[in-house]
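Small disclaimer: the values here were computed from a predicted structure and weren't measured. In what follows, every chain begins at residue 1, and chains take the letters A, B, ... in the order their sequences are listed.
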Amino acid sequence: MQADLLQAGIYALSLLALAVPLGWYMARVFTGGVTFLAPVERVILGAAGDGAEQGWKAYAAALLLFNAAGFALLFAILTFQHRLPLNPQGFDGLSWHLALNTAISFVTNTNWQSYGGETTLSHFSQMAGLTTQNFLSAASGMAVAVAVARGFAARQARHLGNFWTDMTRAILYILLPGAIVLAIAFLALGMPQTLLASVDATTLEGAKQTLALGPVASQVAIKQLGTNGGGFFNVNSAHPFENPTAITNLLSMLAILAIPAAFTFTYGRMVGDRRQGRALFVAMGVLLVAAFVALYAAERFGNPLHLAFADPAAGNMEGKEVRFGVIGSVLWAVTTTAASNGSVNAMHDSLTPLGGLVAMLNIQLGEIIYGGVGVGLTGMLLFVILTVFLAGLMVGRTPEYLGKKIEAREVKLAALTLLVMPIGVLVFGALAIATGTAQTSVQDQGPHGLSELIYAYSSATGNNGSAFAGFTANTPFHNTMLGLAMLLGRFGYILPILAIAGSLAGKTPAAATAGTFPTHGPVFVTLLILTILIVGALTFLPVLALGPIAEHVSVLAGRAF
Amino acid sequence: MSKHATAEIGLFEPAILKTAVKQAALKLNPRGLARNPVIFATALVSVLATILTIREGLAGGPTFAIGLQITLWLWFTVLFANFAEAVAEGRGKARADTFRATRSRGRAKLLLDPANRALWENKEVELLEPGDVILVEAGELIPTDGEVIEGVASVNESAITGESAPVIREAGGDRSSVTGGTTLASDWLVIRVTTKPGETFLDRMIAMVEGAKRQKTPNEIALDILLAALTLVFLLVVVTLPFFASWSGTTIPVIYLIALFVTLIPTTIGGLLSAIGIAGMDRLVKANVIAKSGRAVEAAGDIDVLLLDKTGTITFGNRMADAFEPVPDVTERELAEAAWLASLADETPEGKSIVELAVRKFGFSPPSIRDGLVFVPFTAQTRMSGVDLESGGVIRKGASDAIRRLVGGPVNGPLETIVRRIASAGGTPLVVARDGRVLGVVYLKDIVKPGIRERFAELRRMGIRTVMITGDNPLTAASIAAEAGVDDFLAEATPEKKLELIRKEQAEGKLVAMCGDGSNDAPALAQADVGVAMNSGTPAAKEAGNLIDLDSDPTKLIEIVLVGKQLLISRGALTTFSIANDVAKYFAILPALFVAAYPGLGALNVMGLGSPESAILSAIIFNALVIIALIPIALRGVAYRPASAASLLTRNLVIYGLGGLVVPFIGIKAIDLAVNALGLA
């Protein structure tokens, strides 16, 4: 256990050491302070427009347009992959609903996979289709965060920046260099990178085995860095080629949270008050540590029904890679669900019921525990606005954040986003049950089956993309509904926060006085955390009671599902 | 500080409560309910519950008994919310009735020719139009709001302000406005009517306290939106629950789902929201302030900068003698005596204060006969006053240059030093000479009102910066500012400079409040976010301000700020309380709903409630009763003492957040014990 906690500690410290300078660097990038690729930038931006400042509507329109185009292109690639090059295994084109689901999934940075990558997609689809979107969807999220930070910081301005410039800079100066460095490191650590389809190997028993190969390292690098999470292989980072060693495991986990965590510091710098960024980092950190402790305790304690035949000292090893063990899997599970990454190195379906609950709740809180690149920060800011509103009333002043008044319009937009998770998870989930499509897609009945269903819809709405497994999503109904959930979970947050940023940009910030409560102090951070937990708990407690909690009490009573 | 126009109305005045019970039922009118999304939703599902219960009763179903009780309590929830609002309105009405009693219903003397007071005809007060000129004579009620165009009279305004001493109203200047409902104590006035019938101050005040025309304030609208969103979230939670339950092989009676829904949605704050708003207005009226809109009251709570006129607000407005400073070779007593003699007949406040100070310090007794004294009054030409004694002595006091001209001779070094020192300290030096010889200087000083420094410190703790506005030179201003403890000052102020200062502060995103009474204050009053006009001020000032202080007390702003803050805090605290309550309600209801499907979930029944039925019933009863229990807090407002935002937040979070988590656990358990003891479920 000490060794476990040491690992967790090393991870946490490395993350902090990485996030602080990265946050500084990103702030410089987005304020135009990094120019070493300026000529390339000019070429790209020359094609994209005049780089003029955009108001929130123009910014959002550019983002929507760009993502819509990305969706159309990806949809076409996937549907017609059998007519496109680099398809050595001769895979057929995808069905309309699978193509729809997958295209939405990668454009929204969810990377939910209703399919098995190595048995469905051609290299061209993987590289030109998915990997491209891995970059673009991540950069879109970053652009949103940057625009929001500008809006929050602005003084009587109408503009949030230029979407094309922000996108280009995010890719050129952050994602691309980061992915290249990471991919080379992964290569060095034994990850394959080839255009060969597969190799045949003879096992020790003399049997013949086909080992699927492909451009793994390059895709894995950006899948982690951009909180994408879509694996090259179906079992994702549990696959030895996708995660060969303990070092790649640690690097991957760091890559997952690096940009989301750094964004809090970038934000602090961009709004001109680094304490604000630190406060968000701490609030997210507390939630992350709490999730880790809960998940770790659940897995360490294990499943009491296994005590008869499993070594209790090992904890719950069901569904885990022996290479990573409980700690390696738990850390990853917490990280990937907190960050809306969705790559896995252990099967969440096999977590203990309470462990699965933590993973699920991480997503259901709205993917704000660092969350997706860029959008994790903006999702958190929506909670900040609601918290500021409550706190402001309690100190007897019209609530202010960064000196700007939070009024009916901002509250309306932020309150609207409270509906996103309930609609995507509860309404769509109930719809699946009502239509009978849920019952046929789950592997298990009873509370565990419910968890599988709820996890799938949480993952889609939270743009996480990880699967609980045990849920057959590749049906017309689920592909479509999960696709809708992903769209809702992406743009249902992005558009309101951009609108809020647009509205705040026009306001005049007032200097703080003793009458304004500090939004960087421990009291506010505590209130923020409590608001997040209470909103999440009040929304999901009933269904969690029928899912993981019911399973837990049943397991205690000696009944497994 | 403020005089109360009406007697204190008890929290539970039986007459008000009786009317409120009736009103609560009348308020079930859907159009009224629709104004409040949370209570409207509660009423809708109550209707649904009623229908279901009747059906269940006709069919003889098993959940009839419990369903009937739940339905009743659902209706009680709605009625209690209505009741809270009705009580608040009832208190307002009671106050309004006292105002209404003073409203003039008779006839006014309409002058056909404003110049001729003898020629008038009767006109119904209700028909008076702006521009009409009326005559009011001693003992008569001033029928409506207006401006004095001729005459000087003393007016008894006690009906409005509670202040019994009559005030002077006269044509021209800053004391020309009169308020309907006040009585002329002496003389006569010719008044030009300035307001339309039904729009006088009295009418506005009545409308305000009755809450009839109450508009939702910006923060109230924002809160309404948040509460509506939460209601929607819980609607989704509850509506989807049967599907997840069916997955688990259990069905939940719809009546239980309704109970769950109503306990989860923020009925507590939803039910009390309008009562809080009305009660806030009521507190303002009690402080003798009329708000033209609720928005202004809320803005008062947000004030960052407070502009205060020096004279009358910070200082008493008159310079008063503070010390005698003799030149060398003259004793203080000598100087004091000369100054005392010279001021005996001086009726100005300065003169009186010199006499007072001299008597206090040296105990001079008034001379029995003043015959031997010939007083020389102050004139603009001589710029001094004094007394000629029978014995031939000549005493003069005045500005130093005037006295110097009188005594002639070279510049008196020691005198100059004293004069300069007093001037630089912000005081006014009054030089005294006797028989051509300078005795010394009386230090006249702007006396800062006692206690004002503490009030400014209070404001500072609330994060409000005070700025003193004065026509004095910067030197004088600085010294008074330091003494009074204001944060900043604007010296040599003109109306333009005032306006400019307000604009500058507003450009920095600050909310500015100021008070004023003169017509030249009107632009600044209009520009300020919160402009408090003195009731004694000109109609222009009153039109420009968004709050009117009937007591004409400039420090009233501080009380208005407190009322505004308390209004917001009450809403925020009860919202937090309401949401925090849901945790306990889940722990009561969820195990009750699911224990049939998964007996192990009985572990969530941490309160150990008797049975699933009693758990649900107890939760819904608690939910209804808590509204009643919190009515006093809603009406009185959450206790507020000036403190920094951070400490306020901590305090209110502990009381209403933590309290909101804990209280329902205890309350629901207690109700459950009672429900089981009575065998209700």
Side-chain angles (χ1 to χ4, degrees), chain A residues 386 389-398 403-404 406-408 410-412 415-416 418-419 422-423 426-427 429-430 433-434 438-439 446-447 449-450 507-511 513-518 521 523-524 527 530 534 537-539 541-543 545-547 549-550 552-554 556-557, chain B residues 218-219 221-223 225-226 229-230 232-233 236-237 240-241 243-248 264 298 301-302 304 460-465 507-510 564-566 568-569 571-573 575-576 579-580 582-583 586 590 594 597-598 600-601 603-604 640 644-646 648-650 652-653 656-657:
Chain A
L386 292 176
F389 181 68
L390 267 188
L393 290 185
M394 272 195 288
V395 302
R397 261 178 87 91
T398 296
K404 294 182 170 178
I406 303 298
E407 291 165 299
E410 289 79 32
V411 172
K412 189 194 296 173
L416 209 58
L418 289 180
L419 294 170
I423 292 177
L426 299 179
V427 175
I433 294 175
Q439 288 83 339
L450 186 60
K507 299 190 180 187
T508 315
T513 67
T516 40
F517 60 87
V523 179
F524 181 77
L527 185 60
L530 289 178
I534 285 194
L538 292 183
T539 312
L541 201 59
V543 74
L546 288 172
I549 299 176
H552 175 75
V553 294
S554 302
L556 289 183
Chain B
N219 278 316
I221 292 169
L223 182 56
I225 292 167
L226 181 64
L230 284 175
L232 261 179
V233 167
L236 297 181
V237 169
T240 56
L241 198 55
F243 297 96
F244 300 122
S246 78
W247 177 286
S248 315
L264 289 181
E298 216 173 71
D302 290 347
D304 302 290
R460 199 168 303 115
R461 272 201 302 283
M462 294 194 278
I464 297 172
R465 205 161 60 87
E508 287 169 20
K510 292 184 180 140
K565 282 197 182 293
Q566 206 181 22
L568 290 191
I569 294 177
R571 286 194 201 121
T575 304
T576 308
I579 296 171
D582 282 357
V583 175
Y586 262 143
L590 286 188
F594 300 150
Y598 302 107
L601 286 178
L604 291 180
Y640 172 72
S644 78
L648 265 180
L649 182 59
T650 314
N652 287 328
L653 262 186
Y656 295 95

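Contact of A:Gln439 with chain B is made through backbone and side chain together, with heavy-atom distances under 4.5 Å. For A:Pro509, the part lying under 4.5 angstrom from a heavy atom of chain B is the backbone only. Of the atoms belonging to A:Leu541, heavy atoms from both backbone and side chain fall under 4.5 Å from chain B. Contact of B:Ala597 with chain A is not made at all, since no heavy-atom distance falls under 4.5 Å. Interface remark: A:Leu386 contributes side-chain atoms only to the contact with chain B (heavy atom separation under 4.5 Å). Heavy atoms closer than 4.5 Å to chain A are found in the backbone of B:Arg461, but not in its side chain. Contact of B:Leu590 with chain A is made through the side chain alone, with heavy-atom distances under 4.5 Å. Of the two parts of B:Ser644, the backbone and the side chain both hold a non-hydrogen atom closer than 4.5 Å to a non-hydrogen atom of chain A.
Between A:Leu393 and B:Ile569 there is no side-chain heavy-atom pair separated by less than 4.5 Å. By the 4.5 Å heavy-atom criterion applied to side chains, B:Ile579 and A:Leu538 are counted as neighbours. Residues B:Asn652 and A:Val395 form no side-chain contact, since every pair of their non-hydrogen atoms from C-beta on lies 4.5 Å or further apart. At least one side-chain heavy atom of A:Pro542 sits under 4.5 Å from a side-chain heavy atom of B:Tyr586.
Highest contact tally toward chain B, considering only A:Thr539, A:Leu530, A:Val411, A:Leu450, is held by A:Leu450 [criterion: heavy-atom pairs under 4.5 Å]. Here B:Leu649 is the residue among B:Leu648, B:Ile225, B:Ile221, B:Leu649 with the most heavy-atom pairs under 4.5 Å with chain A. For chain A, the option among B:Thr576, B:Leu604, B:Ile464 with the highest count of heavy-atom pairs below 4.5 Å is B:Thr576.
The two residues B:Phe244 and A:Leu426 have their closest heavy-atom pair at CZ-O, 3.5 Å. Summarising the geometry of B:Tyr598 relative to A:Ser554, their closest heavy-atom pair is CD2-OG, 4.0 Å, with the distance given to 0.1 Å. Here the closest non-hydrogen pair linking A:Phe517 and B:Ala646 is CB-N, 4.4 Å. Listed here is the closest heavy atom pair of B:Leu226 and A:Phe389: CD2-CD2, 3.9 Å. Across all non-hydrogen atoms, the minimal contact from B:Gly509 to A:Ala510 is O-CB, 3.0 Å. Contact between B:Gly572 and A:Met394 at its shortest, heavy atoms only, is C-CG, 3.6 Å.
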Margin query: Run A:His552 and B:Leu601 through side-chain contact (heavy atoms from CB on, under 4.5 Å) and show every step you take.
Written below: CA-CA 9 Å; A:His552 175 75; B:Leu601 286 178; over 6 Å; no

